[in-house]
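Working notes, beginning with the structure itself.
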Amino acid sequence: MNSKSTRRKNLSAESKILFLNIGGCQYATCEATLLNFPNTLLGSLISNQTLRDRHFCEELGEYFFDRNGTYFSYILDWYQTGGLHFPQGSCAAKIREELAFWKIEESQLSGCCQKILTNYDKNVDAIAEMERAFCYDDDDEENNNCHQCQPLKMKIWKLVDDPKSSKYAKVYT
């Protein structure tokens, strides 16, 4: 065992500090901090020896998780402060992926960040509706002649030209 690992093990045993390596980014936090949310992955790490054994790297003296270290800083901040925030412009799908991995309920997101997911869901719904509106099947080209597409062309024109024509037009603009 190297000296860094030995120092960490001694410090950890004395003060209940956990050293975490998340995708190469290193973090340190107290066990008590993680126990603020015991039903999450890291909260479970405290009481679940199998989980501890699975993620503990003896050589480094830390727990390793192969995840995005940048997003984890926001997760750790939540354990410490109780407010779960991600930066403006964060990818909603990535936020959901990280929350699912760490076993954090979406309801824990702060109101401002809930809007990121809500807007994403609206956009996904709008795209799905637009795809349904196209109703074009490559294998059925004969049945998709011009007169059938006229209503669709009108919808698309309004969508692009008039942002007030529908909620989907607002999403598009």
Side-chain angles (χ1 to χ4, degrees), residues 1-132 163 167-173:
M1 190 180 303
N2 65 32
S3 63
K4 180 179 179 182
S5 177
T6 304
R7 280 194 316 269
R8 283 189 170 183
K9 197 168 192 173
N10 291 339
L11 180 59
S12 180
E14 292 171 12
S15 57
K16 304 281 186 181
I17 293 177
L18 294 181
F19 296 95
L20 307 170
N21 181 328
I22 314 297
C25 298
Q26 296 180 325
Y27 299 90
T29 192
C30 299
E31 281 188 7
T33 299
L34 301 181
L35 286 172
N36 287 329
F37 300 99
N39 295 326
T40 63
L41 179 65
L42 290 178
S44 300
L45 188 68
I46 307 307
S47 60
N48 185 326
Q49 189 60 46
T50 304
L51 193 59
R52 289 176 81 107
D53 292 343
R54 183 180 319 137
H55 291 285
F56 190 71
C57 178
E58 192 72 39
E59 299 82 42
L60 299 174
E62 60 194 17
Y63 293 90
F64 178 78
F65 294 88
D66 195 13
R67 300 303 294 177
N68 185 313
T70 302
Y71 275 90
F72 182 75
S73 66
Y74 304 106
I75 303 277
L76 183 58
D77 185 61
W78 170 67
Y79 280 98
Q80 296 165 337
T81 66
L84 183 52
H85 295 273
F86 287 91
Q88 185 69 21
S90 294
C91 173
K94 184 64 177 164
I95 290 172
R96 280 203 169 114
E97 182 182 313
E98 291 301 308
L99 293 177
F101 177 83
W102 297 108
K103 299 187 182 342
I104 299 171
E105 297 287 327
E106 284 185 21
S107 62
Q108 294 296 320
L109 275 172
S110 298
C112 55
C113 291
Q114 284 281 347
K115 290 178 184 176
I116 293 171
L117 298 184
T118 302
N119 289 339
Y120 173 78
D121 292 340
K122 286 179 184 176
N123 289 342
V124 167
D125 290 344
I127 290 168
E129 188 167 317
M130 287 177 7
E131 287 174 346
R132 282 190 302 275
K167 65 181 178 182
Y168 305 109
K170 289 178 187 173
V171 170
Y172 177 78
T173 56

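Keep in mind it's a predicted model, so treat the numbers as computed, not measured. When reading the values below, keep in mind they use all heavy atoms of this one structure, side chains included, and skip hydrogens, waters and symmetry mates.
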pair Cys30-Lys16: side-chain heavy atoms closer than 4.5 Å | no
Partner residues of Ala32 under the side-chain contact (heavy atoms from CB on, under 4.5 Å) criterion, sequence neighbours left out | none
How many angstroms lie between OG in Ser90 and CD1 in Ile95, if you round to the nearest 0.5 Å?
-> 4.5 Å
For a quick test of your reading: what N or O donor-acceptor pairs under 3.5 Å do the side chains of residues 71-79 make, sequence neighbours left out?
from	atom 1	to	atom 2	distance (Å)
Ser73	OG	Thr70	O	2.8
Tyr79	OH	Thr40	OG1	2.5

Could you pull out the closest heavy-atom pair between Asn68 and Ile22, with the gap in Å?
-> O-CG2, 4.0 Å
In Å, rounded to the nearest 0.5 Å, how long is the span from CG of Asp53 to CD of Glu58?
-> 10.0 Å
Considering all heavy atoms, the nearest Leu99-Leu84 contact | CD2-CD2, 3.6 Å
Output all residues satisfying side chain to side chain donor-acceptor pair (under 3.5 Å) with Gln88, sequence neighbours left out; order by chain, then residue number.
-> none
Name all residues meeting the side-chain contact (heavy atoms from CB on, under 4.5 Å) criterion together with Thr50; count only those two or more places apart in sequence or in a different chain, and write none if there are none.
-> Asn48, Arg54
One should read off an interatomic distance between Ser44 OG and Leu34 CG, to the nearest 0.5 angstrom, of 10.5 Å
Closest heavy-atom pair, Ile116 versus Pro87, reported as atoms and distance to 0.1 Å, is CD1-O, 4.2 Å
Restricting to pairs with a member in residues 81-103, which pass salt bridge (charged side-chain N to carboxylate O under 4.0 Å, His left out), not counting sequence neighbours?
-> Arg67-Glu97, Arg67-Glu98, Lys94-Glu97, Lys94-Glu98, Arg96-Glu106, Arg96-Asp121
With Asn21, which residues qualify under side chain to side chain donor-acceptor pair (under 3.5 Å), at least two apart?
-> Glu62
Above 12 or not: heavy atoms from other molecules or residues under 6.0 Å from CD of Gln114?
-> yes
Is a side-chain N or O of His55 found less than 3.5 angstrom from the main chain of Tyr63, in a donor-acceptor match?
-> no
Nearest non-hydrogen partners of Ile46 and Glu31, listed with the distance = CD1-CG, 3.6 Å
Smallest separation among heavy atoms of Phe19 and Ile17, with atom names | CZ-CG2, 3.9 Å
Closest non-hydrogen atoms of Gly82 and Phe37, given as atom of the first, atom of the second and distance, are CA-CZ, 4.3 Å
After noting the C-alpha distance and the side-chain angles of Gln80 and Thr29, does the key distance pass the side-chain contact (heavy atoms from CB on, under 4.5 Å) rule?
-> CA-CA 9 Å; Gln80 296 165 337; Thr29 192; 4.1 Å; yes
side-chain contact (heavy atoms from CB on, under 4.5 Å) between Leu41 and Ile104, intermediate numbers included | CA-CA 8 Å; Leu41 179 65; Ile104 299 171; over 6 Å; no
Just by modelled atom types, is the Gly83 backbone N or O under 3.5 Å from a matching donor or acceptor in the Thr81 side chain?
-> yes
With the side chain counted from C-beta on, respond yes when Phe64 and Phe56 share a heavy-atom pair under 4.5 Å apart, and no when they do not.
-> no
